[in-house]
Amino acid sequence: MSTSSPDPATPGQAYAAATAVVERLAARGFTTYFAGGCVRDMLLGRTPVDYDIATEALPDVVEGLFEGSITTGKSFGVVRVPMGGCEIEVATFRADHGYHDGRHPDQVTFSDAATDAQRRDFTINALFMDVQQDGRIIDYVDGQADLARRVVRCVGEPAARFAEDHLRLLRAVRFASVLEFDLDPATADAIRAGAASVTGVAAERVRDELTRTLTESARAGDALLCLKEVGLLEQLLPEVWAMHGTPQPPQFHPEGDVLVHTALMLNQMEHTSPRLAWSVLLHDVGKPPTMTDNTDRIRFNGHPEVGGDIAAQILRRLRFANDDIDFIVACVRGHMRTMSVPHMRRATLRRMVGAPTFPVELELHRLDCLGSHGDLTNYDILVAFEKAMANEPVLPPPWITGRDIMALGVPEGRQVGSWLREAYEAQLESRFPDRESLWAWLTGEIKG
Ligand code: ATP
Ligand code: MG
């Protein structure tokens with residue numbers, strides 16, 4: 001469920017490779033800079049994920065200078081150059097024109113660095129660095145000032161920039177949350193005003209942006225509240241938005257409404273992964289439609305099952321892979337089982353701990369406690385049980401097979417299945433020390 005394949009090169013190798021590409025182009029007299037996210041990250045003291053290069057050289061020239069170049073985005077002036085085990089993106093300085101689909105320019109014309117800066121989304125992403133001049137920064141848009149102020153601000157007129165490309169609405173929130181910056185007020189206003197257009201963004205892009213926002217932000221809960229505040233949550237995930245204002249019984253949830261509870265959990269995620277983040281985000285999505293407040297207290301009967309169905313709808317809508325959907329939905333559906341852990345049969349506990357979803361379910365439960373009453377009793381029981389099971393398979397191969405049961409005279413059919421389950425249950429409960437004693441008991445049960 002990763003959004004991009006990891007670059008096998010180390011950051012040092014990527015930097016050296018990108019520098020070599022710049023040198024070759026500059027040696028031919030072409031103005032060539034590091035551009036965009038890598039410059040931003042270097043100035044912030046973060047290690048860039050990759051190094052993008054912007055150059056005056058036309059795509060054909062770039063291609064000619066680097067053997068093995070791949071020109072997937074040639075109409076946009078983008079050439080992928082293999083260098084030192086890495087692939088470096090080299091883009092010709094350009095201006096973008098006309099965005100009729102709300103996502104891509106209709107046409108690009110090649111230009112110079114000053115013009116190229118204007119087509120970029122945010123000022124902090126529109127900086128250039130001249131590596132041949134000791135990393136001199138070329139800044140046409142006051143991006144350095146915004147980095148210092150820790151602000152995400154559109155290049156140019158915000159409403160126009162969001163109208164060109166609706167994905168920028170989500171990118172703005174992602175950069176603000178991941179970098180722990182503020183949205184510039186005019187940029188935030190334009191997001192609010194244009195929020196409805198985010199529904200036009202391809203589902204896969206929405207999925208990837210939201211996933212990155214949730215997994216790369218140190219405080220993913222604040223990112224969630226920011227998405228709500230600028231109106232994007234209501235557009236993209238109305239089911240999650242509905243958790244806002246859904247009250248909870250204060251004796252179990254002193255923290256507040258369901259959205260606040262979820263945000264608190266997201267803020268405390270430590271070993272984050274896309275599956276954990278989405279499980280946390282959606283675990284209580286069944287609460288708004290199941291809430292009743294006409295008895296002794298507010299209740300949400302059946303909310304894990306209802307939530308599982310809603311989660312499945314949301315994840316399908318966002319085109320998640322089926323195995324991700326199954327995994328996350330299982331976590332949502334199962335998240336209240338932890339309540340009965342102290343009284344759980346050994347076999348049930350073993351099935352729970354042995355499930356592939358268990359590590360995420362355990363973390364979800366820990367966060368659920370931390371985001372509400374803070375009582376970790378059941379979490380501690382689960383951890384202790386998992387530890388106690390460390391030296392034996394939690395879900396061992398069954399001692400008794402269907403063939404064994406039929407050998408006792410049970411005809412093929414449903415009865416075999418039910419005896420099988422009973423035998424495995426007994427095995428998981430550790431009611432018999434070995435196969436022989438289980439077999440003797442079973443023979444007696446079946447043969448009467
Ligand atoms: P990250 O890779 O961490 O998401 P980044 O800034 O490198 O951050 P990319 O998507 O890799 O982002 O894009 C590289 C650069 O291209 C950006 O820094 C920005 O200058 C420009 N850019 C990317 N997407 C857009 C867009 N939708 N609109 C305008 N400019 C964009
Ligand atoms: Mg990048």
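Numbering of ligands and ligand atoms starts at 1, following listing order.
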Could you tell me whether the side chains of [X] and [Y] share a donor-acceptor contact shorter than 3.5 Å?
X      : Y      : result
Asp368 : His261 : yes
Gln107 : His97  : no
Asp284 : His303 : yes
Asp208 : Thr211 : no
Asn125 : Arg120 : no

Given that the side chain starts at C-beta and the backbone is N, CA, C, O, which of these parts of [X] lies under 4.0 Å from ligand 1, counting heavy atoms, or is it both or neither?
X      : result
Arg174 : side chain
Phe175 : side chain
Asn125 : both
Leu167 : neither

(message) When you measure from the heavy atoms of Arg212 to every atom of ligand 1, does any distance fall below 4.0 Å?
(response)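 Right, Arg212 reaches ligand 1.
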(request) Give a yes/no verdict on whether any heavy atom in Glu164 is under 4.0 Å from an atom of ligand 1. (result)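 The answer is no, since Glu164 has no heavy atom less than 4.0 Å from ligand 1.
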(request) Let me know which of Val152, Asp142, Asp184, Asp146 forms a side chain to side chain contact (heavy atoms under 4.5 Å, CB included) with Thr123. (result) Asp146
(message) Which label fits Tyr33 and Phe93: parallel for a plane angle under 30°, tilted from 30 to 60°, or perpendicular past 60°?
(response) tilted
(request) Give me the ring orientation class for Tyr51 and Tyr15: parallel if the planes are under 30° apart, tilted from 30 to 60°, perpendicular past 60°. (result)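 The rings of Tyr51 and Tyr15 stand perpendicular, inter-plane angle above 60°.
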For [atom], what's the nearest protein heavy-atom neighbour? Residue, atom name and distance, please.
atom                    : result
atom 28 (N) of ligand 1 : Arg168 NE, 2.8 Å
atom 11 (O) of ligand 1 : Asp52 OD2, 4.1 Å
atom 30 (N) of ligand 1 : Asp121 N, 3.2 Å
atom 8 (O) of ligand 1  : Arg40 NH2, 3.3 Å

(message) Are Phe34 and Phe128 an aromatic pair, judged by ring center distance below 6.0 Å?
(response)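 No, the ring centres sit 6.0 Å or more apart.
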(message) Ring of Phe327, cation from Arg275 - is the NZ or CZ under 6.0 Å from the centre and inside 45° of the axis?
(response) yes
(request) Kindly confirm or rule out an N or O of Gly37 lying under 3.5 angstrom from an N or O of ligand 1. (result) yes
(request) Output yes when the distance from some N or O of ligand 1 to some N or O of Asp41 is under 3.5 Å, and no in every other case. (result) no
(message) I need the atoms of ligand 1 closer than 4.0 Å to a non-hydrogen atom of Arg119, numbered in the order shown.
(response) 29 (C), 30 (N)
(request) Taking only heavy atoms of Gly36 into account, list the atoms of ligand 1 that are under 4.0 Å away from them. (result)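 Atoms satisfying the 4.0 Å criterion: 18 (O).
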(request) Nearest heavy atom to atom 27 (N) of ligand 1 wins, so pick from Leu179, Asp50, Asp165. (result) Asp165
(request) Would you mind finding which of Arg120, Arg171, His166 brings a heavy atom closest to atom 24 (N) of ligand 1? (result)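 It is Arg171 that holds the nearest heavy atom.
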